[in-house]
Chemist: 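The following block contains the structure, expressed as structure tokens.
These figures come from a predicted structure and were not determined experimentally.
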Amino acid sequence: MLESPLSSVMDRNVWVVVPAYNEGQRLQHTLESLRALQTSIVVVDDGSDDATADVALLEEGVWVLRHIVNCGQGAALQTGMDFALSLGAEVIVTFDGDGQHRADDIPSLVQPIRDDEVDVTLGSRFLGSAIGIPFSRWLLLTLAVWFTRVVSGLAVTDTHNGIRAFNREAAAKIRIRMNRMEHASEILDQVGSLKLRYCEVPVTVHYSPSSLEKGQSSWNSLRIASKLFLARIIR
Amino acid sequence: MTAFQYTVIGFLTLLLIWELATAARHVRQRRFLLIRCATWFAAAVAIAFPHWVTGVGLLLGIRRGADFVLYGMVLTFIGTSFFFYSRYTKLEAQITELVRHQSIKEARQGGTTKASGTGESENES
């Protein structure tokens, strides 16, 4: 159980959505860290080839949704958000399943929403810390920040961070249509276009060799940029 | 006429006949079949009478008929690429909605043995 006074903002009406693709090896650790928060948890197994869903089902009370085919992280998040909303979620937190994020950061994300200061909180590793971040990844993320500032007009310090939180109204308004990793930019776009109140919250992201394997490559970032561009001109 | 013209026009004529025969059988797909027929017919005419294409090119301020065909093909390629990308994204969105619907319907909770969805009816009727 958390000792922090922030933990008082946590209850079963806070839903943590964990998209997971082939995370059988790392998911258990992630879910164990989340369990201490006493929130509701939904894992969306995005068509994994391994035992991701079975690992999640071992955890008492964790909801498990299974995409029969791999649709992408954006699609998995939207599925989890739809499910959480249908069960009355008041706050929805998105949290990567690969162990990069710290569950201890979640209360800090939820607090401004519970206090009705903002609709959306965005985790920022550049306001907090990015442990073990390679220079190439730092450079890529910095470029992404500038790209987002130009395209979305949002003055954020971190763009592709999977830890963020929405109040119920914001989660219902935002609709993730970009299935793959472009969803992070799409969410920011919608936060801007829907004029949602937002703030950034310092978080810690811990890079490990295995998490870096599944992270964004330079080539992927070009794909993301081109898909975002095409999505704007082709409907 | 050259050997190339005879060969290609012969092939296009056969293709046109086959397309028209198909159009007569399949009422629902007639619109696309007729567009294809018009394309094959235009191609046959352009090959049989290349000076007509040159005439159209000159009329539009493009000196060579070949350039006129090239510009047309490039524009068609770009247009069809956008069309099919749009179709692809719509199809992807539909598949995602299906996958999402099914996964929510078959939601399971850890520590329990049975599937437990959000109350959506198993029987739509």
Chemist: So which of A:Gly72, A:Gly61, A:Gly80 has the biggest tally of heavy-atom pairs under 4.5 Å with chain B?
Modeler: A:Gly61

Chemist: For B:Glu97, I'd like to know if atom CD has over 12 heavy atoms of other residues, nucleotides or ligands within 6.0 Å.
Modeler: yes

Chemist: Tell me if the CZ atom of A:Arg175 is crowded by more than 12 foreign heavy atoms within 6.0 Å.
Modeler: yes

Chemist: With a 4.5 Å cut-off on heavy-atom pairs, point out which of A:Asn179, A:Leu58, A:Ile68 contacts chain B the most.
Modeler: A:Asn179

Chemist: For A:Glu59, which atoms come within 4.5 Å of any heavy atom of chain B: side chain, backbone, both, or neither?
Modeler: backbone

Chemist: Flag yes if more than 12 heavy atoms outside B:Met1 fall under 6.0 Å of its CE atom; otherwise flag no.
Modeler: yes

Chemist: Between A:His160 and A:Ser185, is any side-chain donor less than 3.5 angstrom from a side-chain acceptor?
Modeler: yes

Chemist: Checking heavy atoms, do the side chain of A:Arg66, its backbone, both or neither come under 4.5 Å from chain B?
Modeler: backbone

